[in-house]
Amino acid sequence: MPIIVRIDVELARRKMGVGEFADRIGLTPANVAVLKNGRAKAVRFSTLEAMCRVLGCQPGDLLEWVDDDDDDDERRPERGAAAVVPGDGA
């Protein structure tokens, strides 16, 4: 049950760079890159809230769950796509 991270899509829609986004949500650009590239093991609700507030979107616009058993290859993450796991962390 992979989670696909779509922060890059929302940033592109708003023509917002990682540096500006990082400043506005209170993270370092390196930590935003970890989230954006799907390498995060967790995401705090306060961070998710800040991302949604800045981007004017819903959590489902940033994260998508895809069933491992889903036969629709278009919805499957590419090799190396990362997951965001609930819990304390970045």
Side-chain angles (χ1 to χ4, degrees):
M1 67 181 134
I3 302 293
I4 299 171
V5 181
R6 301 207 182 277
I7 295 170
D8 56 342
V9 172
E10 296 301 319
L11 288 174
R13 284 183 179 164
R14 287 151 184 85
K15 296 181 172 115
M16 185 182 299
V18 171
E20 178 186 352
F21 183 61
D23 286 343
R24 293 181 65 186
I25 65 171
L27 292 179
T28 65
N31 282 337
V32 170
V34 168
L35 288 169
K36 185 173 82 71
N37 296 324
R39 294 188 313 263
K41 298 289 185 205
V43 61
R44 289 189 175 118
F45 281 148
S46 59
T47 301
L48 184 58
E49 177 186 357
M51 291 189 296
C52 289
R53 182 177 20 84
V54 167
L55 295 173
C57 67
Q58 294 295 315
D61 297 326
L62 301 175
L63 304 172
E64 179 185 3
W65 173 77
V66 178
D67 191 349
D68 280 339
D69 297 333
D70 191 355
D71 290 333
D72 186 1
D73 288 338
E74 290 181 18
R75 294 182 53 104
R76 288 182 178 264
E78 295 178 13
R79 224 177 250 278
V84 175
V85 179
D88 277 335

query = Measuring from L55:CG to I25:CD1, what's the distance to the nearest 0.5 Å?
reply = 8.0 Å
Non-hydrogen atoms of P2 and D68 that approach each other most closely = CD-OD1, 2.8 Å
note = For A40 and L35, the nearest pair of non-hydrogen atoms, with its separation, is CB-CD2, 3.7 Å
key: Point-to-point distance, once rounded to the nearest 0.5 Å, from CD of E64 to CD1 of I4   = 4.5 Å
side-chain hydrogen bond (donor to acceptor under 3.5 Å, both in side chains) pairs, two or more places apart, involving residues 8-18 = E10-R13, E10-R14
key: Smallest separation among heavy atoms of C52 and P59, with atom names   = SG-N, 3.5 Å
note = The reported gap from CG in L27 to CE in M51 (rounded to nearest 0.5 angstrom) is 8.0 Å
task = Just do the side-chain contact (heavy atoms from CB on, under 4.5 Å) check on V5 and L63 with the steps written out, would you?
result = CA-CA 5 Å; V5 181; L63 304 172; 4.2 Å; yes
request  = Return each pair, listed once, that meets salt bridge (charged side-chain N to carboxylate O under 4.0 Å, His left out) where at least one residue sits in residues 45-63; pairs must be two or more places apart or across chains.
outcome  = none
key: Common cluster, F45/F21, ILVMFWY with side-chain heavy-atom separation under 4.5 Å   = yes
task = Check whether M16 and L48 end up in the same hydrophobic cluster, where Ile, Leu, Val, Met, Phe, Trp and Tyr are linked by side-chain heavy atoms less than 4.5 Å apart.
result = yes
